[in-house]
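Accompanying notes for the structure given below.
Counting from 1, the numbers follow the sequence of the chain as shown. Note that these values count all heavy atoms, side chains included, but never hydrogens, waters or copies made by symmetry.
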Amino acid sequence: MDERQRENLRQAALKYHEHPRPGKLEIRATKPLANGRDLSLAYSPGVAEACLEIQADPACAARYTARGNLVAVVTNGTAVLGLGNIGAQASKPVMEGKAVLFKKFANIDCFDIEVNETDPVKLAEIVRALEPTFGAINLEDIKAPECFVVEKLCRESMNIPVFHDDQHGTAIVVGAAATNALRVTGRRFDDIKVVSTGGGAAGIACLNMLLKLGVKRENVWLCDIHGLVYEGRAEDMNPQKAAFAQATDLRALDDVIDGADLFLGLSGPGVLKPEMVARMARRPIIFALANPSPEILPEDVREVAPDALMATGRSDYPNQVNNVLCFPFIFRGALDVGATEINDAMQIACIEGIAALARATTSAEAAAAYRGETLTFGPNYLIPKPFDPRLIGVVATAVARAAMESGVATRPLPDIHAYKRKLDGSVFRSALIMRPVFEASATAERRIVFAEGEDERVLRAANAMLEETNDVPILIGRPEVIETRAERAGLPIRPVVDFQIVNPEDDPRYRDYWETYHSLMARRGVTPDIARAFMRTNTTAIGAVMVHRNEADSLICGCFGQYSWHLGYVREILARGGLHPVGALSMMIQEEGPLFIADTQVHHDPTPAEVADTATACARHVRRFGLTPRIALCSHSQFGNLDTASGRKMREAMDILTGREVDFLFDGEMHVDAALDPSVRARLLPKSRLGDEPANVLVFAGTDAASAVRNILKTRASGLEVGPILMGMGNKAHIVTPSITARGLLNISALAGTPVAHYG
């Protein structure tokens, strides 16, 4: 990075911290405070009731206050990143950043506390005095050896977890990376020779963790700025270093590097020389973790040991050892079971969870966040990426289970599997609402054909289907393209072996398909030549023909192209035997819960009867999610106050639904605010059929309005879409939109994989 780039980065960082308001944190209320009654509950006199409950039983603090989800990040600023002893106040941006990471990755609330105290005993006294406020303490950026004293004193006398992340967070991530590096190279912990540079808190903690994982103490060679730590050395020693002293005449890193299997660097730039690497064991493992300049650069290692496995602390090289893989999730698990400490069992569970996740198939979300990188388990992918959303479910669950099994949990979880589902639902917002659909789809094995089988999103969805459901994916595409893209995406699935392929360029069923298409379309101007051409190029038509021929149960298409274009072929081929597209239903998941929007795609200007049919179909599909439908027919007119086209249409649709005596709640015509706010509706129509509950389905008079609301909720209200669900086709086809994600495709496949009997 040249001087100009460095200055640009500096200015950007300062601007980021200053605008639009200084700092990276704020406090928000979690309860309403809009009137006198709210005030009497939040403060005097109502607050006294919560106080008395906690006085009677201190454990109630986790029930009536935020303590059970509140962590303190405490520092004295004596060892801040690579900046050193910059003081407590100057460290505040780092601590605020740590608090932001807690919130972002694990939804843990956090206060940063910077303390002007360098005496470790006094600092420990301050931390211990904070116990009534917090559910856990994260010690941060306190220099060694004082950090050992502070943590020891706090852990001995406090009944909540105290975790020095610089030590144990680093050690956990190093442990996970080492676990997988040994797996790749075929080594065992109890056989390897470890040479380490750096006798600080992180370095000592990493070595202690390696011992817990099976490394023999006599096989560990620790060096610091003064050379090898040996028995009898007096210079710059402390009990933590002395535990690794070797009885030897050797004195320098260069003397002990021969035959080393693992080099662990937590020291400074340039410490490990290429000629030293050349003398290490075959396929050496080199963790050069000094930041921002490592002990040796990966390119220098490659010159002398092309088969080496490398990890650094930097994001511009593979295998970044980053504490964010650990600390949010180990605290999440510890807080959720009311752990009194974070013990060895919990830390090792964290290691095992992180390591196992790297060996699993990469998530689509992580692949999107790190586009262009190869995320396949191996030498360049030993640990998962921080933005892999599965970390919280895998790691926090493993930690919580270990806390319960080791006896330090004061609030054991009744169902660990339900806990994991809840955590997954916190990052995959569709997970909880989709659960009834996935459970229903598990009762049958359905064949789902994907028209755009070469798309990476489809490949990831197909892989997830094979891992999570009983459904069978069928992909339309060229086998060599699908195989290449699956390999590039780090997916284990392969054509023919794991799923069926339909190759438009060369498939033995080609003649059957074009003849079937011709027989269906011969009276609509389609000649045999046109039918042959279509079955070579039109993958949506191919998939629809497969469903028509009962070679697949459902078609999913639309990853690219116009919805209406795909809908035309679905109509032509599959709209038979009473089936016809009724409407498209989009479920928008928001913080307040799901909201269904229809018709977003099918009927641009529906008739009143089509609106009534759409509302009826919506009710049927909403029940698939375990919800009770409450349907509002939306218009610019409100309960007859305007004589507009949309108002007349929705009033007529109301009459049709009333005449049908349907089994769901509906009302209209009304504005969206009246639909969603019962108090507004009560002022306008006190006896509304929807009662005092908000509507959860909005049916509009045309696709313009429905699609606009859908897109506004997606882009401005952070709504997550499930759908569109094509209603009226007996689950034989679903057409997605080009913005669909891999998880969105998985959700649609689960909907397609549900037997029709489950939803009428």
Side-chain angles (χ1 to χ4, degrees), residues 23-33 41-43 47 49-51 53-55 57-76 88 91-92 94-115 123-142 150-151 154-155 157-165 168-169 323-324 326-342 346 350 392 395-396 399-400 403 408-413 419 422-423 426-427 591:
K24 299 191 283 282
L25 296 172
E26 67 177 5
I27 295 175
R28 292 190 179 188
T30 61
K31 300 294 191 297
L33 193 62
L41 295 174
Y43 204 57
V47 71
E49 301 304 326
C51 295
E53 289 293 312
I54 296 169
Q55 182 188 31
D57 180 5
C60 286
R63 183 177 177 184
Y64 297 116
T65 75
R67 183 176 184 265
N69 193 52
L70 194 60
V71 168
V73 174
V74 181
T75 188
N76 62 5
S91 74
K92 188 171 180 63
V94 177
M95 304 309 128
E96 283 191 357
K98 192 69 176 280
V100 169
L101 296 180
F102 267 114
K103 189 66 177 178
K104 168 66 179 177
F105 289 103
N107 197 28
I108 293 173
D109 297 315
C110 186
F111 287 140
D112 60 293
I113 299 176
E114 296 77 28
V115 182
L123 180 57
E125 290 175 356
I126 293 170
V127 174
R128 286 184 294 197
L130 298 173
E131 184 168 355
T133 301
F134 297 99
I137 304 290
N138 185 122
L139 300 176
E140 189 77 13
D141 291 351
I142 302 168
V150 175
E151 185 183 47
C154 290
R155 293 188 68 169
S157 61
M158 298 178 73
N159 204 37
I160 58 174
V162 179
F163 185 84
H164 185 208
D165 185 48
H168 309 301
N323 288 13
V324 78
C326 161
F327 71 80
F329 315 115
I330 200 167
F331 273 93
R332 180 74 278 158
L335 288 169
D336 289 340
V337 297
T340 56
E341 64 177 2
I342 295 176
M346 296 161 72
C350 191
I392 188 169
V395 178
V399 170
V408 299
T410 62
R411 298 191 302 274
L413 299 168
Y419 174 65
K422 179 181 177 183
L423 292 175
S426 70
V427 286
E591 288 187 9

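Annotation: side chain of Val115 is in contact with side chain of Leu123 (closest heavy-atom distance under 4.5 Å). Inter-residue side-chain proximity for Leu335 and Ile108 is flagged as met; some heavy-atom pair is nearer than 4.5 Å. Contact of the Arg332 side chain with the Asn69 side chain is registered, since non-hydrogen atoms from C-beta on lie closer than 4.5 Å. In this structure the side chain of Glu151 reaches within 4.5 angstrom of the side chain of His168, judged on heavy atoms. Side-chain contact between Phe102 and Asp109: absent, with no pair of heavy atoms (C-beta onward) separated by less than 4.5 Å.
With sequence neighbours left out, the ring pair (Phe, Tyr, Trp, His ring centres under 6.0 Å) criterion links Phe329 to no other residue. Considering only residues two or more places apart in sequence or on other chains, Lys92 meets the side-chain contact (heavy atoms from CB on, under 4.5 Å) condition with Glu96, Asp112, Glu114. Scored by the ring pair (Phe, Tyr, Trp, His ring centres under 6.0 Å) test, His164 finds no partners at all (sequence neighbours excluded). Residues satisfying the ring pair (Phe, Tyr, Trp, His ring centres under 6.0 Å) criterion with Tyr419, sequence neighbours excluded, are absent altogether. Evaluation of the ring pair (Phe, Tyr, Trp, His ring centres under 6.0 Å) rule for Phe134 yields no partner, not counting sequence neighbours.
For residues 123-142, every residue pair satisfying the salt bridge (charged side-chain N to carboxylate O under 4.0 Å, His left out) rule, not counting sequence neighbours, is listed here: Lys98-Glu140.
The backbone N or O of Asn159 lies less than 3.5 Å from no partner atom in the side chain of Thr340, so there is not a single donor-acceptor pair.
In this structure, the ring of Phe327 has its center no less than 6.0 angstrom from the ring center of Phe105.
The two atoms that bring Val100 and Lys24 nearest to each other are CG2-O, 3.5 Å, heavy atoms only.
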Test side-chain contact (heavy atoms from CB on, under 4.5 Å) on Ile137 and Val74 and set out the steps.
-> CA-CA 7 Å; Ile137 304 290; Val74 181; 4.1 Å; yes
